[in-house]
Amino acid sequence: MLFRWDWLRPVLAAPIVPTLGPVHPDALTVDIFGDILRAAATGDFLPYDKDRRWGDEKDKKDEKVLLDDVVHQPDRTLIPTLSRRGRGTVKVFAYGFHGSALDEAVELAAKLAAVHDAASARVVRPLGPGTRSPHGTRIQLKDFTARPCPDPGGPVRPVTGWPAAVQGTFAPFAAAMSADGLVFLHTQMRVGRCGPVLTAAVENRIVGAIGPMEVRPDALGRPQLLPQYFAVLPEARGKGLGRVLWRAAMYWGQTHGAFYQLLQTEVGGASDRLCRSEGLASLGFIHTMSA
């Protein structure tokens with residue numbers, strides 16, 4: 001299947017691509033959509049897929065496009081994906097402005113979930129940056145070429161930069177913040193599969209972390225700072241540690257040659273408010289609903 005750009009481009013309200021997530025607006029081309037279809041056929045990672053950092057062997061990509069069920073019409077494009085993680089999830093990415101496109105996406109997601117015995121069926125709808133009263137996830141852009149990112153200082157170091165006794169407090173910190181993905185991150189750290197993780201410590205105990213810190217080329221070959229896990233213990237919040245950690249990460253990214261970073265934040269959440277206050281550009285929203 002070949003996508004027609006004159007059909008697809010008008011309905012791309014936000015730069016979100018199935019199986020890849022947010023991409024830089026400059027990389028939002030018909031080629032990148034063609035790439036995800038080819039990757040689905042081979043089972044390989046794309047060279048610029050951020051998930052390659054966790055292992056790039058064939059068939060390791062968890063979420064794949066269901067090629068035979070793509071709908072591509074002049075006013076709408078529906079791209080379904082399947083993940084076998086857990087009990088299985090079908091997502092239908094609904095590109096189109098008419099209510100009928102959303103209704104069709106809901107019906108398609110429910111049908112494909114039944115066909116593939118997936119427990120969850122969802123519809124992912126990209127919305128433009130001018131959306132009124134948005135909810136869901138905001139896509140934000142940090143442009144490292146716009147202005148310097150100063151070193152914020154403060155009690156922030158890579159995990160390995162702390163004394164051994166402080167390093168030993170990362171495991172209980174990760175366990176306490178398991179809902180934020182820190183247990184998975186800690187597992188990757190222990191097997192050496194990721195870049196450095198920046199941490200904040202108070203009274204010789206790690207209370208916050210952001211990482212891994214890694215820069216890789218995007219679809220256009222430009223270096224981007226990959227997304228991080230980011231968490232601060234509840235009892236350590238409200239003291240500015242989250243902002244210091246985030247600024248330290250941005251300083252790391254800029255000094256390691258990144259052109260930009262894309263972030264996804266829950267609208268109205270703490271990370272969303274932090275990024276908005278730091279002047280990041282909003283590129284649109286992702287609204288996910290159950291089918």
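Keep in mind that the numbers below use all heavy atoms, side chains included, and drop hydrogens, waters and symmetry copies.
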Enclosure of Q264 CD (heavy-atom neighbours >12, cutoff 6.0 Å): yes

Gap between atom CZ of R125 and atom CG of L102 - 0.5 Å precision: 5.0 Å

Flag for E63-T81: side-chain donor and acceptor within less than 3.5 Å: yes

Heavy atoms of other groups near R87 CZ, more than 12 under 6.0 Å: no

Donor-acceptor contact below 3.5 Å, side chain Q188 vs main chain C194: no

hydrophobic_cluster_shared for I79 and I16, side chain cutoff 4.5 Å: yes

Steps toward salt bridge (Lys or Arg N to Asp or Glu O under 4.0 Å) verdict (K50, E214): CA-CA 10 Å; K50 65 182 182 298; E214 297 181 8; over 6 Å; no

N204 CG: over 12 foreign heavy atoms closer than 6.0 Å: no

same_hphob_cluster(L226, Y260) at 4.5 Å side-chain heavy-atom cutoff: no

Ring pair (Phe, Tyr, Trp, His ring centres under 6.0 Å) involving H116 - partner list, sequence neighbours excluded: none

D6 atom CG, neighbour heavy-atom count above 12 within 6.0 Å: yes

Main-chain N/O of D51 paired with D49 side-chain donor or acceptor, under 3.5 Å: yes

CA sep, side-chain torsions, deciding dist, call: K142, E278, salt bridge (Lys or Arg N to Asp or Glu O under 4.0 Å): CA-CA 9 Å; K142 172 65 178 180; E278 290 288 331; 5.9 Å; no

Any donor-acceptor pair under 3.5 Å from R237 side chain to V232 backbone: yes

Co-membership, hydrophobic cluster, residues F97 and I286, 4.5 Å side-chain: yes

Which residues share a side chain to side chain contact (heavy atoms under 4.5 Å, CB included) with P158, sequence neighbours left out: T160, L198

Sidechain-backbone polar pair: Q254 side chain, R147 backbone, donor-acceptor under 3.5 Å: yes

Stepwise side chain to side chain contact (heavy atoms under 4.5 Å, CB included) check, V207 with E235: CA-CA 9 Å; V207 298; E235 62 265 31; over 6 Å; no

Polar side-chain atom of Q140 near backbone of L263 as donor-acceptor pair, under 3.5 Å: no

Over 12 non-hydrogen atoms of neighbours within 6.0 angstrom of CD in E203: no

Polar side-chain atom of T169 near backbone of I206 as donor-acceptor pair, under 3.5 Å: yes

Whether W54 and Y229 hold their rings parallel, tilted or perpendicular, with breakpoints at 30° and 60°: tilted

From Y48 atom OH to L20 atom CG, the distance as rounded to the nearest 0.5 Å: 5.5 Å

Whether H72 and W7 hold their rings parallel, tilted or perpendicular, with breakpoints at 30° and 60°: tilted

Whether T187 side chain and V183 backbone form a donor-acceptor pair below 3.5 Å: yes

Euclidean distance, H24 NE2 relative to L141 CG, rounded to 0.5 Å: 5.0 Å

Interatomic distance, L112 atom CG to L82 atom CG [nearest 0.5 angstrom]: 9.0 Å

Residue pair Y95 / P18: nearest heavy atoms and the distance that separates them: OH-CD, 3.1 Å

R9 CZ to T77 OG1 distance, which is reported to the nearest 0.5 Å: 12.5 Å

Cluster check V197, M213: I/L/V/M/F/W/Y, side chain < 4.5 angstrom: no

Expected output: side-chain R122 to main-chain V92 donor-acceptor under 3.5 Å: no

Beyond-backbone contact of R4 with L8, side-chain heavy atoms, under 4.5 angstrom: no

Connected via hydrophobic side-chain network under 4.5 Å: W5 and L37: yes

